[in-house]
Amino acid sequence: MTLPWLTVLGLIPIVGALLLCLPVFKHVGKVVGLAFSLLTFGVGSCVTVLYLGGLNLNEQISWMPAFGTYWALAVDGMGLLLVLLTATLVPVVLIAEWNIAERIQQANPEAKRWDGRAFFALVLLLEGLCLFVFMAQDVLLFYLLFEATLLPMYFLIGGFGGSRRSYAATKFLLFGLVGGLIMLVSVIGVYVWSETEAGNPTYLISELTKLDTGATGSLLMICFLVAFILKAPMVPVHVWLPTTAEEATPGTSALLVGIMDKMGTFGMIKICLALFPQESINAAPVMITLALISILYGGLAAVSSPNLLRLVAYTSVSHFGFMVLGIYTFTSVGMSGSIFYMVNHGFSTAALFLALGYLIKRGGSAKIADYGGVQKVAPVMAGVVLVAGLSALALPGMSSFVSEFMVLAGAWSRIPWVAIIAALGMVLAAVYVLRMYQRVMTGSLESELATKIGVDLDLKERLIAGFLILVILVLGFVPNLALGIIEPTAVNIVGVLGLSDPMPQLGGK
């Protein structure tokens, strides 16, 4: 390899973010930022073509020899799709939030906040760091990048959010730092473990998988796992997410929930299952229990939520429960469904956050009780919210249905009663989506609300919504576009655990 494609892919948005800090780009910063995000998407597409063509994209350079750490990047089926998800959603969010500075100034003329160029720079910085996380093949490198993503997201929430933005940003950061400190215990432990077992310290995942975990394996795995549970987020450590989603801009929430939180489930597979297979098997009953609690609690909380943005946040708690369930039932079908779920959830949640964001921008409120009959003055907006909501409840034909069905099928083949309980989450999803739509979009329309909403979605908003819906439908009707990439990775993960898929029982045998 003469060109380090993966390093270039991650550096492009970071370079773009740095350039936007220069005064020369003050008046064209947003255009430059969007151009760099589209260039990242183009390079990500090239990486996909090269990967599918069988080209070896692995990069490995000694970074800090004393610690045995490397600048090591690679992609498998899971990492590649999360890279594509990131590279696709970022330009969509930038276009959706194109006039963010003007909106803030209009809402509060006395507000002294950063301009749109700063927002674009922070989003690009976050994109580059997230890309490197999904490609990292060294535990220390993964940890440093994992923690670094907190800073741009903190400033995105605190600089551009609602009236309680400082509280929400601080709450987000504290939970993230707690998870990082707990993970740091394991990162230090990996150094000692590898030096003891191999004679030389190493952080390379490919080398660590060859070592015996020994007596400290359970402790190391638990510290990693707690950090990933905080990031995912799962009950009972999910409490930072609803507050953050309520105060952040819709675009920021789409990036947070659609991309950044996937580091939690990604880490469970990439770190916990790969390095600590037996310990992960031992932890499965606890993780399955937490997954079921998250599925049901998230659904019930969404049903009772009076706030549109908090409702979407709670739906994500439930959806992350499905992802974790697919991981810890240890079947290739369930694992494939979980990885596919990470991708589908990113697109469907982004569509829902942005669509409701259009409504809130016009109506001036995120309270469900303040709306009613919106479809009479904004039928296209109502249709977009409906389709995004149907994707969230996994309607057949939507991409989320395929992933949710695979997770439940995998759970049924291993532990049938778990699948039955998890299926209740689908019932709750239908309740909270249809109930929200009925209360907000149907019924009588007050003249004051009709005046606030004014016009329907403009051309830019329709193009954004149309693109996201198109992706959801294409992956729903042709899921093998993604599953063909995912399946080898999922089969390999289950094989690393030393497990095989349960054999179907026919005729009572």
Side-chain angles (χ1 to χ4, degrees), residues 1-21 32-63 69-95 120-149 151-153 204-206 254-255 258-263 266-267 269-270 339 342-343 346-347 350 471 481-482 485-486 489:
M1 286 292 298
T2 56
L3 181 64
W5 282 96
L6 303 184
T7 298
V8 170
L9 175 62
L11 284 179
I12 288 174
I14 294 177
V15 171
L18 295 175
L19 289 178
L20 290 184
C21 297
V32 173
L34 179 60
F36 270 89
S37 71
L38 292 173
L39 178 60
T40 304
F41 174 77
V43 175
S45 300
C46 291
V47 167
T48 302
V49 172
L50 294 173
Y51 175 86
L52 296 177
L55 191 64
N56 181 12
L57 295 170
N58 294 0
E59 301 172 19
Q60 185 174 306
I61 301 173
S62 181
W63 182 24
T69 191
Y70 289 77
W71 179 262
L73 304 177
V75 288
D76 55 11
M78 174 175 62
L80 179 66
L81 287 183
L82 290 175
V83 163
L84 282 176
L85 170 67
T86 304
T88 304
L89 278 187
V90 166
V92 170
V93 168
L94 292 183
I95 296 172
F120 277 50
L122 289 168
V123 170
L124 288 176
L125 178 59
L126 178 67
E127 178 184 21
L129 294 173
C130 288
L131 289 172
F132 279 131
V133 168
F134 295 137
M135 298 185 292
Q137 301 298 308
D138 179 280
V139 172
L140 182 57
L141 177 64
F142 174 87
Y143 169 75
L144 295 175
L145 295 166
F146 184 92
E147 287 297 280
T149 58
L151 291 179
M153 181 54 69
L204 279 175
I205 294 176
S206 58
L255 294 175
I259 298 173
M260 192 172 168
D261 286 352
K262 301 303 188 307
M263 295 178 190
F266 175 82
I269 297 173
K270 194 71 178 181
I339 297 171
M342 296 182 207
V343 178
F347 287 112
V471 173
L481 290 174
I485 300 174
I486 293 170
T489 301

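- When each of I12, V32, L20, T40 is checked for a side chain to side chain contact (heavy atoms under 4.5 Å, CB included) with L124, only L20 meets the rule.
- Once rounded to the nearest 0.5 Å, the distance linking CG of L80 with CG of L82 reads 9.0 Å.
- Of the possible donor and acceptor atoms, one in the side chain of D138 sits under 3.5 Å from a partner among the backbone N and O of Y70.
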Assess the residue pair M260 and L129 against the criterion (side chain to side chain contact (heavy atoms under 4.5 Å, CB included)); give the C-alpha distance rounded to whole Å, side-chain angles, the decisive distance to 0.1 Å, and a yes or no. CA-CA 10 Å; M260 192 172 168; L129 294 173; over 6 Å; no
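- Here the straight-line distance linking atom CG of L57 with atom CG of L50 works out to 6.0 Å at 0.5 Å rounding.
- Not a single ring-ring contact (aromatic ring centres under 6.0 Å, His included) links F347 to another residue, sequence neighbours left out.
- The CG atom of L122 lies 10.0 Å from the CG atom of L151; values are rounded to the nearest 0.5 Å.
- In this structure, the side chains of K270 and D76 come closer than 4.5 Å at one or more pairs of heavy atoms.
- Taking every heavy atom of both residues into account, N58 and A74 meet most closely at OD1-CB, 3.1 Å.
- Counting heavy atoms from C-beta outward, I486 and M78 have side chains that stay 4.5 Å or more apart.
- Listed by first then second residue, pairs satisfying ring pair (Phe, Tyr, Trp, His ring centres under 6.0 Å) with a partner in residues 38-60 number zero, not counting sequence neighbours.
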I would like to know whether I485 and L81 meet side chain to side chain contact (heavy atoms under 4.5 Å, CB included); could you show each step before the answer? CA-CA 8 Å; I485 300 174; L81 287 183; 4.2 Å; yes
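- Results of the ring-ring contact (aromatic ring centres under 6.0 Å, His included) test with F132 over W71, F146, Y143 single out W71 as the only residue that passes.
- Note that the CG atom of L89 and the CG atom of L94 stand 10.5 Å from one another [nearest 0.5 Å].
- No hydrogens or angles considered: a donor-acceptor pair under 3.5 Å links the side chains of T7 and E59.
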